[in-house]
Amino acid sequence: MNLAETTRALVAPGKGILAADESTSTIKRRFDAIGVENTEDNRRAYRELLFRTPGIGKYISGVILYDETIRQKAADGTPLVKLLTDQGVLPGIKADLGAKPLALSKGETVTEGLDGLRERFAEYRGMGAVFSKWRAVITIEGDDIPSLYAIRVNAHALARYAALSQEAGIVPIVEPEVLMDGAHSIERCNEVTIRTLRTVFNQLAAQHVRFDGMLLKPNMVLSGKDAKDRAPAPDVARYTVDAFRDSVPAAVPGIVFLSGGQSDDEATVNLDAINRYAATVGAPWQLTFSYGRGLQAAPQKAWSGKKENVTAAQRAFAHRSRLTAAARMGEYSPEMEKESVPA
Ligand code: 13P
């Protein structure tokens, strides 16, 4: 498959992406919450459970892996990557090395990992990765943060990453995440999101990135997590789709949202509202999911590190995937929360 074909497969109707690329320190936070020790074997067992979930290829087009995971084997010796490809799911890789303090800034960050990236992509490609992801983090705090400085350096790095990824024949997923932490209004999130996306697409164009061979992974335009009177789903949908119409080229085949700390049902309801609104205004892109927490909260809780819970956890994962895939088509209804999925 070439870049454009892989991109289209990732955003095929009725499907979206599972972000299972938590770094070792991030997965520790998730495991701490369910009382599971953060060992290499537990991380392997957990990801194996997800990837072996029966029928998951119906709703999940691709899975983003962490460097450790793309090298791991299942308990029976099968490479974890093969578990995915056997289900018709495309393997992807987290390419960045995390957000680090930005020099001479007021506590903002820049994402690192460009040095040696060409060589790492060659290795990942050999291990089967056909797409990749790079996450930049943009914080909202008071009137001065984010600074133009932080937006610019992160946009520049995102474009350098995306160009290297396309050069290696790997579809880049460009992720400039405006965090929902804080008590800011939806209007403030809207303003920061538009400024960030315009800067990012400016850099992508300047650095020769092909829009038809990439995906954008943005935040939804939301009220801050601690805001009073948080905006409801129809407002989220309108602000979000209108922000993209102001800043994202129509040639980009798809927009794959992060869940970003929304609860799983909130992330589903908002994705559904976004797709319903997008249909009324004729938005040009596929609008789907690339959720981490939005898909994994339920299976993590059901599993809680116990072998005897594997089937229940797989059921929970399949159920959440099915509902999120319905929302991606604007076909979700809250009654579906009660339906069960045979494992
Ligand atoms: P969340 O959906 O949990 O935000 O994770 C998606 C992701 O890949 C963040 O980089």
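Note: hydrogens, waters and symmetry copies are ignored here, and every other heavy atom, side chains too, is used. Read the numbers this way: they start at 1 and go in the same order the structure lists the ligands and their atoms.
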With heavy atoms of [X] as the reference, note each atom of ligand 1 found under 4.0 Å away.
{"X": "S259", "answer": "1 (P), 2 (O), 3 (O), 4 (O)"}
{"X": "G260", "answer": "1 (P), 2 (O), 4 (O)"}
{"X": "G292", "answer": "1 (P), 2 (O), 3 (O), 5 (O), 6 (C)"}
{"X": "Y291", "answer": "2 (O)"}

*To which protein heavy atom is atom 9 (C) of ligand 1 closest, and what is the distance rounded to 0.1 Å?*
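Answer, as residue, atom name and distance: E175 OE2, 3.3 Å.
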*How far is atom 10 (O) of ligand 1 from its nearest protein heavy atom, and which residue and atom name does that atom have?*
K133 NZ, 2.6 Å
*asked:* Using the side-chain hydrogen bond (donor to acceptor under 3.5 Å, both in side chains) definition, which of the options K28, K94, R43, R47 pairs with E22?
replied: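 Of the listed options, the one satisfying the test is R47.
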*asked:* Strictly below 4.0 Å, N to O, side chains only: are R195 and E191 in salt-bridge contact?
replied: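 Answer for the salt bridge query: yes.
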*asked:* Looking at E339 and R322, is any side-chain nitrogen of the basic one under 4.0 Å from a carboxylate oxygen of the acidic one?
replied: yes
*asked:* Below the 3.5 angstrom mark, is there an N/O of A19, backbone or side chain, next to an N/O of ligand 1?
replied: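 For ligand 1, there is no N or O atom that lies under 3.5 Å from one belonging to A19.
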_With respect to R30, determine whether any N or O atom, backbone or side chain, lies less than 3.5 Å from an N or O atom of ligand 1._
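Looking only at distances, the answer is no, because the N/O contact criterion of under 3.5 Å is not met.
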*Might you confirm whether atom CZ of R52 has over 12 heavy atoms from other residues, nucleotides or ligands at distances under 6.0 Å?*
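Atom CZ in R52 is crowded, with more than 12 foreign heavy atoms closer than 6.0 Å.
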_Nearest 0.5 angstrom please: E175 CD to F257 CZ, how far?_
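Between E175 CD and F257 CZ, I get 12.5 Å after rounding to 0.5 Å.
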*Indicate the ring-plane relationship of F31 and Y46, choosing parallel, tilted or perpendicular according to the 30° and 60° boundaries.*
perpendicular
*When the ring planes of F121 and Y124 are compared, do they come out parallel, tilted or perpendicular, using 30° and 60° as the limits?*
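Ring orientation, 0 to 90° scale: perpendicular.
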*S290: heavy atom below 4.0 Å from ligand 1, yes or no?*
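Yes, S290 has heavy atoms under 4.0 Å from ligand 1.
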*If hydrogens are left out, which of K94, K217, E22 has an atom nearest to atom 7 (C) of ligand 1, that is, the closest non-hydrogen atom?*
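Going through K94, K217, E22 one by one, K217 has the nearest heavy atom to atom 7 (C) of ligand 1.
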_Residue-level breakdown please: for R135 versus ligand 1, do any non-hydrogen atoms fall below 4.0 Å on the side chain, on the backbone, on both, or on neither?_
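Answer for R135: side chain.
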*Are the side chain of Q207 and the backbone N or O of A163 linked by a donor-acceptor pair below 3.5 Å?*
no
